[in-house]
Each structure stands twice: as structure tokens, then as C-alpha cells.
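Structure record follows, encoded as C-alpha cells.
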There are 2 protein chains.
Amino acid sequence: MVLPSTAGAEPRKITINDVAKSAGVSRQTVSRALNDKDEIDVDTKQRVLDAARALGYRPSRFARGLVRQDTMTIGLVIPDLLNPFFTEVAAAALEAARSRGWQVVVYDTGDRAEEELGTLQVISSQVDAVIGYFSCPESELEKFTRGMPVVLIGREQRTRFSAITIDGSEGVHAAVAHLVARGHTRIGMLDHHTRAEPSVRHEWFTTAAVAHGIDPGLVVGADQTADGGGAALRAMLAAHPDVTAVFTFNDIIALGALREARRLGRNVPHELAVIGFDGLQLGALVEPPLTSVALDTRGLGALAIEQIARLLSGTEALAADELVVRGELRLSGSA
Amino acid sequence: MVLPSTAGAEPRKITINDVAKSAGVSRQTVSRALNDKDEIDVDTKQRVLDAARALGYRPSRFARGLVRQDTMTIGLVIPDLLNPFFTEVAAAALEAARSRGWQVVVYDTGDRAEEELGTLQVISSQVDAVIGYFSCPESELEKFTRGMPVVLIGREQRTRFSAITIDGSEGVHAAVAHLVARGHTRIGMLDHHTRAEPSVRHEWFTTAAVAHGIDPGLVVGADQTADGGGAALRAMLAAHPDVTAVFTFNDIIALGALREARRLGRNVPHELAVIGFDGLQLGALVEPPLTSVALDTRGLGALAIEQIARLLSGTEALAADELVVRGELRLSGSA
DNA sequence: AGCGCTCCCGTGAGCGCTCACGGGACTGCT
DNA sequence: AGCAGTCCCGTGAGCGCTCACGGGAGCGCT
């Protein structure tokens with residue numbers, strides 16, 4: 001929390017009283033002029049407006065907010081704005097918030113735990129509600145957001161907070177079914193390099209594979225980058241040369257795999273099919289376009305805002321089974 | 001400006017006085033406890049903290065901001081958060097702001113003029129400074145941001161405001177030089193479909209082409225999308241089948257052209273070289289990776305924040321010739 | 001003249017918080 | 001006993017603004 005380095009002349013803040021004095025009227029009249037209210041003479045209004053302009057007056061948002069409590073500011077916390085998935089979510093949330101006249105301040109934690117905590121600390125005194133993707137333990141969250149509406153994104157566990165869960169089981173099932181229908185029998189997964197526990201997406205894959213009588217054991221971990229996806233594909237093909245299709249943890253990894261396949265001279269989709277997860281818009285930028293289990297990120301953002309609104313107004317909040325975004329297989333060129 | 005639909009019970013906001021009463025102390029003691037100040041007994045402090053928690057108290061940011069004027073909020077206005085260029089700029093600005101302890105509220109105007117005006121209206125009463133990419137006339141800007149620090153991005157004209165200009169002349173020159181060195185003699189440009197006047201980037205191209213004795217007339221307009229880039233490439237090749245290299249208005253268009261080239265079976269870079277503009281990170285996602293005249297978006301964001309800080313503090317502001325981000329040719333696979 | 005009405009405009013209060021100050025209680029010292 | 005010093009704590013004021021109210025001036029009407 002750094003003070004705004006107010007070095008220099010510090011011209012003393014101009015208040016509504018200064019304008020009033022300058023225009024020869026009262027505070028209230030100034031207020032009326034600025035807020036476009038009735039009960040004011042046109043000439044007076046103009047005079048006040050002129051005085052305000054001349055003085056460079058701008059109303060204090062704090063004073064205004066204090067008295068008419070009508071400005072909602074919600075904090076959006078994401079791990080990495082440069083990750084297209086979160087960008088899409090952010091854009092959706094922004095849009096949904098705008099339609100309600102709400103402000104959104106965005107915090108990028110850079111996927112670092114310390115930043116996450118620091119952000120929480122700041123946020124707790126700066127916004128009216130929080131939407132975010134947190135990895136810190138719930139107790140920490142609880143500590144800082146006490147009494148504030150919070151909507152989590154992508155948390156798996158049921159929590160004290162509202163959480164929008166992402167359910168890709170059906171979509172992944174459909175993806176595997178599609179691959180099987182195309183004759184693939186050796187299907188690998190490029191999972192996300194996680195600390196210890198395998199990802200939920202991996203579980204979906206396993207379930208789907210088993211359901212189709214496919215060996216679910218062909219799994220390689222990958223960094224959540226294109227390079228990571230490429231490296232993982234190489235590792236996969238080295239370990240299991242007979243793999244003809246891969247499902248990936250997300251689209252970034254899939255794009256890396258696609259690129260790597262081209263470098264290896266393997267034709268996609270004929271010699272190697274690739275299916276990603278997320279359904280990012282940029283999947284359409286590559287050739288062939290990426291087939292993916294797509295999430296409705298717009299819906300996700302809108303859902304989050306909707307739930308915040310309900311929590312805030314005391315209206316009946318959405319139940320956990322309504323706070324779900326389902327993945328849906330979107331076929332394209334890569335599989 | 002919609003009121004936060006405060007239907008329902010409306011449990012009356014809990015203030016510092018409620019906590020004070022509940023803990024049997026004065027306002028000031030509560031304040032001391034919450035702000036971790038001295039001159040308070042440990043037991044009292046704990047008692048106050050407990051009371052605050054029990055009541056679900058959370059301090060009003062407005063009241064707090066009103067008395068200690070130490071929170072800076074800057075508004076970041078961009079046309080489209082889904083456009084990777086602006087995402088990168090936003091991420092950079094966010095980071096630079098964070099290091100100063102400033103808040104950033106993001107506004108996405110969706111590239112619509114009405115939204116731009118609406119945003120300006122809102123912003124003027126909600127933030128302390130503005131960084132943004134505006135297309136509206138300067139007079140409108142002036143009207144809403146009077147007396148507020150403003151830093152524009154990518155505006156060409158000298159203005160009353162601080163503006164960070166993007167100078168790609170050298171970079172484009174280098175790009176054309178590179179193509180010429182590789183033996184290309186027929187170089188086209190996929191320009192941006194603009195209302196009437198050709199883009200500045202087009203001027204740079206023309207200048208560079210002429211300097212190398214190349215015909216600068218091979219220009220086709222394109223939508224600022226990948227599809228637009230693809231269509232433009234088709235049009236270009238139809239009109240000028242002998243073109244062997246294209247320079248594009250930006251990377252999105254370039255990526256579309258790359259994709260189209262692959263669809264047309266033209267090998268990149270051997271049968272068709274492509275050079276983009278912006279240097280987006282996602283240029284590395286495709287194969288071959290995109291060669292581009294890269295802009296330092298991080299630097300751009302940092303520069304904008306720095307200038308805001310100077311304008312705010314009365315320190316000597318950066319001059320126009322310091323507010324420049326230069327494009328630099330970044331060679332990669334596509335040319 | 002007296003009344004009611006409209007049209008303007010100003011005054012007190014208060015939003016919820018922090019800052020500067022004052023002061024009581026208790027200690028240890030001369 | 002008297003005094004300075006420390007440790008807590010509370011009181012008034014004020015941040016800049018809006019809301020609810022009150023009230024004067026001017027009009028037309030009876």
C-alpha cells in the first residue's frame with residue numbers, strides 16, 4: 001500500500017465549496033448543477049458549470065459513494081491474464097458487470113501464492129465482492145473475505161463459498177467416443193503437471209477410456225504452455241509409438257502438441273488426432289483448427305456475476321448444481 | 001448506472017459504531033484494533049476483533065478513502081480484451097500499477113463508439129486517471145476527463161493529452177530489408193480495413209518499399225481477424241499471383257494469412273514469406289512461428305503508468321519523444 | 001390584500017471513518 | 001506527597017458530498 005507520491009506543490013484539492021464560492025451559490029446548487037437535477041435556473045446552472053470547469057473541479061468519488069451507496073465494485077482475481085482462458089472469462093465477466101453498471105477491478109496474481117495472499121489483503125478493503133480463481137486454502141480465503149460475497153471458479157470441492165464447477169465428464173466422454181469411432185484404439189493424454197494429485201480432467205479421461213474399453217494408462221505430464229505441450233507429445237510418442245490420438249489437459253497444451261506434430265511431420269488428423277480442452281477462440285487460428293471440449297466462458301462469467309448479484313441482494317442464491325459449466329465437444333479439423 | 005438491486009431484508013449496514021457498542025469501547029479504539037495501531041491493550045484489541053467478526057463488519061472503503069486519501073484507482077480503457085495485443089498491454093499495465101499499489105479498473109468498449117462515450121461518462125467519476133485507447137474525437141475526451149491525467153495509446157496526432165506513440169518505421173524498414181535480402185521482389189501488404197485514410201503502418205511500408213526499389217502498390221485491405229487475413233491473402237494472390245511475401249497490419253491478420261497459405265498448399269516461408277506486426281506471444285504457437293515487427297507491450301504498459309505517476313505528482317512529465325514504443329523486427333520461421 | 005402555487009435556492013444533518021488532542025489511571029522516582 | 005512518565009482510551013472535528021427540509025420571491029387568482 002503505497003501512498004500516491006504527492007510530492008511537489010500539492011495544489012490543495014478543490015471541493016464543492018470552492019466551486020460554490022466561486023459561482024456565488026451554495027453547495028447544494030452546485031450539486032444540482034453537476035448532477036443534472038431540477039430546481040435550478042438554467043443560467044445559474046451554466047454559471048456553476050463554468051466555475052467548476054475553470055477551477056478544474058472534479059467530485060470526490062469517496063464522498064459521493066459514502067452518501068449515495070450505489071456503486072458496486074467487484075474484484076476479479078485471476079492467475080494469469082495472458083492465459084487466453086482467463087482472458088475470455090475476464091472479458092465475459094466484464095461484459096456482464098457492465099450491463100449491471102458495476103465496476104470491475106482486475107487483479108492478476110501471476111499464479112504465485114504470495115501474490116494471491118497480498119491481493120486478498122488489498123481486495124478485502126477495496127471491493128464489495130470477489131470473483132476469482134484461487135489456489136490458496138479455504139481458511140485463508142475465509143479470513144480475508146469474511147462477510148463478502150465470493151464466487152470461486154473451477155474449484156472442485158464443495159466449499160463454504162459459491163463455486164462454479166466445470167464439468168467436462170460428458171464432453172470428454174464424447175471426445176473419446178469420437179476418437180474411437182474414427183478407429184483410434186491407442187489414445188494418450190497430455191495431462192497437466194500438477195504437484196501431486198492427478199487432475200480431475202484426467203479422471204474424466206480415465207472414466208471415458210475405460211467405458212470404451214481403451215487403455216487409460218497412456219499419460220504424460222505437461223507444463224501449461226505450448227512448449228510444454230510439444231515436449232509432452234514427444235515424450236508420449238517416445239514411450240508409446242503406437243499412439244494415434246491425444247487428449248490434452250487444455251488447449252494451450254493441445255496447440256503445442258499440434259505444432260510439434262507438424263514439426264515431426266505427422267499429419268493431423270490422419271496420423272495423429274488431437275483434442276484439447278477449453279474451446280479457446282484461438283484454437284481456430286491454427287491449421288487444422290483445434291477440436292476441443294469447449295467451455296462456455298461467456299456463460300461462466302455471466303453465471304459468476306449473476307450469483308454475486310443474488311448473494312448481494314439476498315435473493316435466493318443459485319445452488320451448487322446450477323453453478324456448473326459443462327464442456328461440450330466441438331469438432332473441428334484436428335480430430 | 002443501475003442501483004445494486006437491494007431488494008430483500010436489507011440488514012442495515014454495520015458500521016464502526018455498532019462494533020464499538022458491541023465491544024463496549026469507542027469508535028477510535030475499534031479503528032485502532034482494525035488498523036493494527038498502537039495505544040491499545042492486547043485484550044481489548046482481541047475483544048474488538050471478535051466483536052467485528054461476530055457482526056460481520058467490514059469497513060466502508062468510501063469513508064476510509066474520504067479521510068485518508070491514499071487509494072489511487074486508474075481506469076484502463078481498451079477496445080477489446082479478447083484482442084491479444086490489448087490483453088498484453090493490460091497485463092503489463094496491471095503489473096506496473098500493482099507495484100505502485102494502485103488499483104486498475106478495466107473497461108472494454110467492444111470497439112463501439114457509443115460504449116466509448118458511456119465508459120468515459122462513468123469513468124470520469126470513478127477513477128483518478130485514465131489510460132486508454134480511444135477512437136473518439138479529442139473534444140469528447142476533453143469534455144469528460146477535464147482535470148484528470150490521461151495517457152492515450154497509439155494515437156498518432158500530437159494532442160493536448162499525453163500519448164504513447166508507436167513507431168514502427170525502423171522495424172518495418174528492417175522487415176522489408178530482410179525480405180529483399182532473401183530475394184523477394186514482389187512484396188504485398190495486407191493492410192487494415194479502415195474507414196478512409198490508409199494506416200500509418202501502411203505509410204511505413206510504402207516508405208520502406210520505395211527505399212528498396214520495390215513496388216509499394218500491392219495492397220489489400222483486411223478485417224482485423226484471422227478470417228479477414230485469410231481472405232485478404234486470397235485476394236492478394238488473385239490480384240498479384242507473383243507475390244512471394246506479405247507484410248501485414250498486425251499479427252492477427254498475419255496468422256490468418258499463414259493459415260490460409262497452408263490451406264492453399266503454399267509452403268511458408270519458402271513459397272510465401274509472412275511478416276506480421278505487434279509481436280504477439282501467440283505468434284509462437286503456430287508452425288512455422290510468426291516473424292513479426294514486435295512491440296514491447298510490457299514497456300508500453302509500464303510507460304503509461306509511469307507517465308500517469310508523473311502527471312499526478314506534478315513531477316516533470318515525459319515529453320512526447322520519450323513516450324515512444326519502437327517496433328523491432330523479430331525473426332522467426334515465417335520469413 | 002390574501003391566498004396558493006411554482007420556481008429557485010440555501011441550511012442543517014449525516015454518510016462512516018480517521019486524525020489530533022485531551023485526559024484518567026497507574027507506575028516509579030525524588 | 002508530589003511530579004513526571006507510560007499506557008490506554010475517548011471526544012470533537014472534519015474529510016466532501018447528497019438528502020430532506022424550509023423558505024423567499026414572484027406569479028395569478030379570488
Side-chain angles (χ1 to χ4, degrees), chain A residues 1 3-4 6 10-49 51-52 55-73 124-126 128 147, chain B residues 1 3-4 6 10-49 51-52 55-71 73 124-128 147:
Chain A
M1 185 86 69
L3 294 179
T6 40
E10 186 63 19
R12 209 184 66 72
K13 191 105 164 78
I14 297 150
T15 78
I16 198 173
N17 288 307
D18 300 323
V19 180
K21 207 166 299 172
S22 165
V25 295
S26 71
R27 296 188 310 256
Q28 177 62 1
T29 302
V30 176
S31 175
R32 277 192 269 255
L34 265 56
N35 297 338
D36 236 19
K37 295 211 174 172
D38 287 348
E39 309 200 359
I40 183 171
D41 187 84
V42 256
D43 294 341
T44 314
K45 183 169 178 176
Q46 194 53 51
R47 194 154 39 93
V48 171
L49 258 33
L55 293 176
Y57 167 71
R58 59 192 6 267
S60 152
R61 69 170 181 283
F62 294 118
R64 182 173 286 179
L66 188 55
V67 49
R68 26 183 264 216
Q69 342 220 57
D70 64 348
T71 38
M72 270 297 302
T73 304
S124 62
S125 64
Q126 298 288 4
D128 302 306
Chain B
M1 184 88 66
L3 293 180
T6 40
E10 185 64 19
R12 208 183 65 76
K13 191 108 164 74
I14 297 150
T15 77
I16 197 173
N17 288 309
D18 300 323
V19 180
K21 207 166 297 171
S22 164
V25 294
S26 73
R27 296 189 311 259
Q28 177 61 4
T29 302
V30 176
S31 175
R32 276 192 269 255
L34 264 57
N35 296 338
D36 235 20
K37 295 210 174 172
D38 287 348
E39 309 200 359
I40 184 172
D41 188 85
V42 256
D43 294 341
T44 314
K45 183 168 176 174
Q46 193 53 52
R47 192 154 40 92
V48 171
L49 257 33
L55 293 176
Y57 167 71
R58 62 190 10 265
S60 151
R61 68 172 184 282
F62 293 118
R64 184 173 282 179
L66 187 56
V67 48
R68 25 183 263 218
Q69 344 222 55
D70 62 348
T71 38
T73 304
S124 62
S125 64
Q126 298 288 3
V127 301
D128 303 305

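Just so it is clear: chains get the letters A, B, ... in the order the sequence lines come, proteins before strands, and each one is counted from 1. All values derive from a computational prediction rather than experimental measurement. For the numbers below, each heavy atom of this structure counts, side chains included, while hydrogens, waters and symmetry mates do not.
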| Touch check for B:Asp38, heavy atoms < 4.0 angstrom, all strands: base, sugar-phosphate only, or nothing? |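 No contact.
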| Just by distance, do the side chain of B:Arg27 and the backbone of B:Ile16 share a donor-acceptor pair under 3.5 Å? |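 Absent.
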Measuring to OP1 and OP2 of [N], would you say a side-chain N or O of [X] lies under 4.0 angstrom away?
X	N	value
A:Asn35	D:dT18	yes
B:Arg64	C:dT18	yes
A:Ser60	D:dC17	no
B:Lys37	C:dC19	yes

Please list, chain by chain and in numerical order, all residues satisfying side chain to side chain contact (heavy atoms under 4.5 Å, CB included) with [X], sequence neighbours excluded.
X	answer
A:Arg47	A:Val25, A:Thr44
B:Ala51	B:Val19, B:Ser22, B:Ala23
A:Lys37	A:Arg32, A:Asn35
A:Ala20	A:Val30

Spacing between [X] atom [atom1] and [N] atom [atom2], to the nearest angstrom:
X	N	atom1	atom2	result
B:Phe62	C:dG16	CZ	P	12 Å
B:Leu55	C:dG16	CG	P	14 Å
A:Arg68	C:dG16	CZ	C1'	17 Å
A:Asp43	C:dC8	CG	C1'	12 Å
B:Leu34	C:dG16	CG	P	15 Å
B:Asn17	C:dT18	CG	P	11 Å

| field | Under the salt bridge (Lys or Arg N to Asp or Glu O under 4.0 Å) test, residues paired with B:Asp36 that sit two or more places apart | value | B:Lys45
| Partner set under salt bridge (Lys or Arg N to Asp or Glu O under 4.0 Å) for A:Arg61, not counting sequence neighbours |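 By the salt bridge (Lys or Arg N to Asp or Glu O under 4.0 Å) rule, A:Arg61 matches B:Asp128.
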| query | For the residue pair B:Ala33 and B:Val48, what are the closest heavy atoms and their distance? | reply |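 Looking at all heavy atoms of both residues, the shortest contact is CB-CG1, 3.7 Å.
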| query | Does any non-hydrogen side-chain atom of A:Val67 lie less than 4.5 Å from one of B:Phe62? | reply |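 When only atoms from C-beta onward are counted, A:Val67 and B:Phe62 do not touch, as no gap falls below 4.5 Å.
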| message | To the nearest 10°, give me the bend of the helix from C:dA1-D:dT30 to C:dT30-D:dA1, comparing the axes of its five terminal pairs at either end. | response | 60°
| remark: Per-nucleotide protein contact along nucleotides 6-15 of chain D, 5' to 3', at a 4.0 Å heavy-atom cut-off (B base, S sugar-phosphate only, - neither), is --BBBBBB-B
| remark: Quick note, A:Tyr57 side chain, CB onward, closest among D:dG16, D:dC17, C:dT18 is D:dC17
